[in-house]
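Below is one structure; the comments refer to it alone.
Order of the sequence lines fixes the chain letters, A, B, ..., with proteins taken first and strands second; residue numbering starts at 1 for each chain.
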Amino acid sequence: MSLPRLQIAQLESRLGDFILGPISFDLSPRAWLVLLGPSGSGKTTLLRYLAGVWPCRPDAIRVDGRPIGHLPPEQRRLAYVAQANDLFPHLTVAENIAFGLRFMRLSRAERTDRIRRFLDLFRLAHRANHRASVLSGGEGRRLALARALVIEPRLLLLDEPLGMLDPNSRRELHECLGMIHDEIGTTAIHVTHDREEAWTLDSLCGILINGRLLQMGPAETVFRRPISRAVAQFLGLDNVVPALEFGGPAGRWALVRPEHLRLLPPDSTTGVPTTVQTCRDRGAFWEIILSPTPGRRWIAHVGGPLSSAVSPGQTVKVHWRPEDLWLLNDEDTL
Amino acid sequence: MKPASLRRWPLAFTAIHALGHVVLGWAGWLNPWELFNLGLLATNGILALLIAKGRVPLLMGSAVLLLNAAHGLVGHRLAPDSLTSGALLFVSLLTVYVAWKIFEERPLRYGIVFALSYFALFVIFIIRLSHAEPLFLLALMGLCATGRDFRLLAWFWALVLAFTVFQPYAWEAFLLMAILLRALFSSRIHPTNSPARIGLVIGLLALGIVLLPVLALLLSQSTATMAAELEREETRRAILLTVATASIATLLLAAVGIPLAYALSRLDFRGKTLVLALMDIPIIIPQSAAGIALLSTFGRNQPLGSWLASRFRFAMDGHLCGIVLAQFFTAFPFLVKPALAAFEAVPPDLELAARHLGANAWGAFRHLVLPLASRGLFLAAILGWARAAGEFGAVYFMTADPPVAPIAIFNRFERQGLAETTPFVATLLIASLALFFLLQYTARRIPTLHERRHPLT
């Protein structure tokens, strides 16, 4: 097992009232970490620490075992793509890509070769000699990525890479990120507030709320087994209710995923009786909103054709397996 | 057109005329018969309104026509210098007709503008240019013809003002006003943003005051006199000396001021506001005071000056170094402040992006900040140079001989008077204007941060 490429150990800082961290995690080579968090949760601050905008303890950040926390940005070889792209408006697309290469020892042939390769990879060849200031939103973002990756960084830091784009450019850029993941194979930290993006690449998912990393793991795990109520609520999961409602221990919160709730006829021997409130066809499944007692709301996802017994106003019984009841921590600790 | 505004119009028409006549009467230009005039104007306004509404009361219409005729006859009798009876009658009827036409199809503001224009024309021709009756009638017809379009009206007024009020400088004035009008009409000001439009008009007029003397002086000289002026040894030496000293001063200033401006744009430190404020001193103190201050510090009989004199065997005052020092002093804020603005226009985030791409702080400055700020820096250097070259007061006290161009002008004026000095000044003006345009043009070719997005090609 090789050394993790990026190690973050007890990174912490205080900026005015905002406290970031302490944050610790490791990233293995080629990993793609999507850091999710609401606005103001410290995502950009963390990225800026990693990128070297502000220095920190040397061993708070290690790359390949070497402490880099104290180095200025140009010595870290980490590519940082800011939300605003920060393209150089006075240079052409090709010159923007070439900018970082001039500080590396490359032969002329190697340099032009690399520029050409990245123009092609990011489908900017037809724009090579246009000023960066005339590019569309999606093209500008692609150029920012190409410019950052052409210097072969050890780590790619993306700040909301799909933000502020129209839906078509988003999809295009999404393919572009997949290409970076598959073909260039850079380790990346991708910061966003959009939950959908956690599923875009087979990625790790981290939840950053109020400057603290509450949970980190495969996206699948984080969404199915959120560690605490804050994480579950930030992820917008359904059926996050006091555990007592589902027969769990008092004083704790719990989660039963909607697809784990099974609907049974009212005369069956097991299950909790509920009243059907709404049935919505979601295409792949039906979304049934149930009310066990007035004022409370459960959501069940049911596949296949809906039985006629399930319609608004009817009573059905709801059943779940005890192992599907997932208890949440109240304390937000990792 | 709405009836409400129809009712307001004759009031406005009458009020404007009445006000004008009262002012004239108060100034002693017209006699007490103004009352009659006012009544006539009121009835004219009402008549125009009624005609516009499609109701022409026969009795009242003929009464008003009679009144107008009387105005013609009596007006001539009362003020024989102004207009003949026929002309007065013509004027009355024409204004009624145009007022009616405006009522019929134009918004109220056209009526107000027409009334004001008519009155201004009346004042110009009757008060300023007596005995210009045919011209007045001609101009009135022109006014009526152009009154339906604000742009045409503006050009008409530019022409009238140029050839009446600015008579000796008619062409210069017309040229200036034409430039102003072009700028105004092609401006992209939002049509409903009236404060901005008014501000632009006033500002452009003020700019006209700046340009008028320059243009007048230039157009008064023939190329032959200027060529002869350039032949003179005295002129050549003054110009050469000015160019040389101002260039040296600017180079020194750039070497110190550009790093300072960059530092001020990127660093925040205690006392930064104080430093920024202190830089204004050369702007604020009078030039002659600056000259005296410099002399009392660097003069050969002062401690610092005598130390320099003994140590390096030259004195600042009376020496070329004195000229450069005085120019450096006065041009300092003129170079540093625009340079600071140029650096501040380069977002620090771009610099940071360059750092992430592997440029160290010097590399980011050289490859990114400097190219992006280059246009602003260039303009700052021009401003500094121009200030240095134009400095009179401070230089005069440090080193009056050999004279730089501003001092040479002063010397010539002292010895030979205005007429002898103008060819010299015109030559200098042409040279500096040529330089000005050249520099503006080259500065435009250096890229800036805020290039306009052009459509995809």
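Heavy-atom pairs under 4.5 Å with chain A were tallied for B/Ala361, B/Gly363, B/Ala354; the largest tally goes to B/Ala354. Note on A/Phe103, A/Tyr80, A/Phe99: by heavy-atom pairs under 4.5 Å with chain B, the leading option is A/Phe103.
Residues that satisfy the side-chain hydrogen bond (donor to acceptor under 3.5 Å, both in side chains) test with A/Arg154, not counting sequence neighbours, are absent from this structure. Checked against side-chain hydrogen bond (donor to acceptor under 3.5 Å, both in side chains), A/Arg77 has no partners two or more places apart in sequence or in another chain.
Contacts of A/Leu78 with chain B are made by backbone atoms alone, with heavy-atom separations under 4.5 Å and no side-chain atom involved. Looking at A/Ala82, there are no atoms closer than 4.5 Å to chain B (heavy atoms on both sides), in backbone or side chain. Interface remark: A/Leu87 contributes backbone atoms only to the contact with chain B (heavy atom separation under 4.5 Å).
Salt bridge annotation for A/Lys43-A/Asp159: absent, with no cationic side-chain nitrogen under 4.0 angstrom from a carboxylate oxygen.
Surrounding CZ of A/Arg102 are more than 12 heavy atoms belonging to other residues, nucleotides or ligands, all under 6.0 Å away. The local environment of CZ in A/Arg57 is crowded, with over 12 non-hydrogen atoms from other residues, nucleotides or ligands closer than 6.0 Å.
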